[in-house]
Each structure stands twice: as structure tokens, then as C-alpha cells.
Amino acid sequence: MAVPATTTTTCHLVALPYPGRGHINPMLNLCNLISLSRPSDLLITVVVTEEWLGLIGSDPNPNPTNIRFATIPNVIPSELNRGSDFAGFFRSTLTNLEDPVEKLLRRMEIPATVIVYDTYLNV
């Protein structure tokens, strides 16, 4: 869902969940809770792969108006097959996500004020 940039946005939180089951939904729940605290001047962007956006849909539920999704290309193995080589999937997330995420952050209309990321992405 596209959330228009407004002049009232004073904080842009970018959320980076680990792209696996059990990580994206908790990050969305955290973002929903954070959005309730400052709904008028806070914009939250949740970064997922194109595959994950297709799996979860384009709207978080419930859908606060200040949460949107941004996607990066599918540069990691598919979620549907990751169980066959979990170690390879994990290594791939540590190496292949960095460049697309950095490019996405550089081209955001509203620069990130704060980044919240899954601890699995910090090794």
C-alpha cells in the first residue's frame, strides 16, 4: 500500500525483518504497536522481498494508515524451498540482502530516521 509522503511526517521508521517464517509477522505486529503511539507524524516502511509481499499480501492487518511495504528483489532462495538447505539460505540472507537494502534506503523519498532490524540480520 502506498502511503503518500506528507510534510507532517517527522519520523520514518524502516523495519527489516529476517525473511523467514516466524520473523515477518512479529515485526509487523511490532510495527502496528509502534504506529499506534504516533499515528499522525510517523511513517513506517516494512522491507520484504517480492516473494514475501506476494505471500503476505500488500496490506498489513489491521492496516494503520501510516504503514507501507517496500520490496527488494528475490535475491535469496525461495521461502518454499529453504528447508532443504537452511544453512545456505541463512548465508544467503547475510550476503545477498545487503546491496538491495542499501539501494532501497538511498532512494527513499523520505530518508529513514530509524531502522529496526531482526537480530538474525546482524552477524
Side-chain angles (χ1 to χ4, degrees):
M1 169 179 203
V3 177
T6 65
T7 56
T8 60
T9 300
T10 60
C11 183
H12 182 196
L13 183 147
V14 176
L16 298 167
Y18 177 79
R21 297 180 195 274
H23 295 262
I24 292 181
N25 281 338
M27 184 67 80
L28 288 174
N29 289 337
L30 175 64
C31 290
N32 282 326
L33 289 172
I34 292 170
S35 75
L36 295 174
S37 67
R38 293 174 56 178
S40 63
D41 64 345
L42 173 68
L43 174 62
I44 298 174
T45 302
V46 180
V47 178
V48 294
T49 63
E50 293 167 349
E51 177 186 36
W52 264 107
L53 186 62
L55 292 172
I56 60 178
S58 62
D59 289 326
N61 255 336
N63 183 17
T65 58
N66 59 340
I67 295 180
R68 66 180 180 181
F69 286 103
T71 59
I72 58 171
N74 295 321
V75 294
I76 57 175
S78 173
E79 171 66 17
L80 303 175
N81 303 333
R82 78 180 177 115
S84 62
D85 181 18
F86 180 75
F89 181 86
F90 186 74
R91 277 191 306 277
S92 179
T93 63
L94 297 179
T95 57
N96 296 347
L97 290 178
E98 183 178 359
D99 187 53
V101 169
E102 285 183 8
K103 286 179 181 174
L104 176 71
L105 291 172
R106 276 190 233 114
R107 70 175 190 264
M108 286 189 160
E109 184 180 332
I110 301 173
T113 308
V114 64
I115 298 173
V116 175
Y117 61 91
D118 195 302
T119 58
Y120 272 37
L121 298 175
N122 184 31
V123 176

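Everything numeric in this text was worked out from a predicted model, so none of it was measured.
With hydrogens and angles ignored, the 3.5 Å screen pairs a side-chain donor or acceptor of Asn74 with a backbone N or O of Glu50. In this structure, Glu51 contributes its side chain and Glu79 its backbone to a donor-acceptor pair below 3.5 Å. Here the side chain of Asp41 pairs no donor or acceptor atom with the backbone of Thr10 at under 3.5 angstrom.
No more than 12 heavy atoms of other residues, nucleotides or ligands shown are found within 6.0 angstrom of OH on Tyr117.
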* To do: Could you give me the CA-CA distance, side-chain angles and deciding distance for Trp52 and Ile24, then say whether side-chain contact (heavy atoms from CB on, under 4.5 Å) is met?
  => CA-CA 9 Å; Trp52 264 107; Ile24 292 181; 3.2 Å; yes
* Could you give me the CA-CA distance, side-chain angles and deciding distance for Leu104 and Val14, then say whether side-chain contact (heavy atoms from CB on, under 4.5 Å) is met? => CA-CA 11 Å; Leu104 176 71; Val14 176; over 6 Å; no
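To the nearest 0.5 Å, atoms CG (Asn96) and CD1 (Ile76) are separated by 8.0 Å. Put simply, CG on Leu121 and CG on Leu94 are 7.5 Å apart, with the number rounded to the nearest 0.5 Å.
Between Glu98 and Val101, every side-chain heavy-atom pair lies at or beyond the 4.5 Å cut-off. Contact of the Ile72 side chain with the Lys103 side chain is not registered, since no non-hydrogen atoms from C-beta on lie closer than 4.5 Å. In this structure the side chain of Asp85 never reaches within 4.5 angstrom of the side chain of Pro77, judged on heavy atoms. Counting heavy atoms from C-beta on, the side chains of Val75 and Leu97 come closer than 4.5 Å.
For Phe69 against Thr45, the heavy-atom pair with the smallest separation is C-CG2, 4.4 Å. Residues Thr49 and Pro73 share a closest heavy-atom pair of CG2-O, 4.2 Å. For the pair Ile56 and Leu28, the tightest heavy-atom approach, listed with the atom from each and the gap, is CD1-CD1, 4.3 Å. Nearest heavy-atom pair across Pro17 and Val47 is CD-O, 3.3 Å.
Classification of the Phe90-Tyr18 ring pair by plane angle, with boundaries at 30° and 60°, yields tilted.
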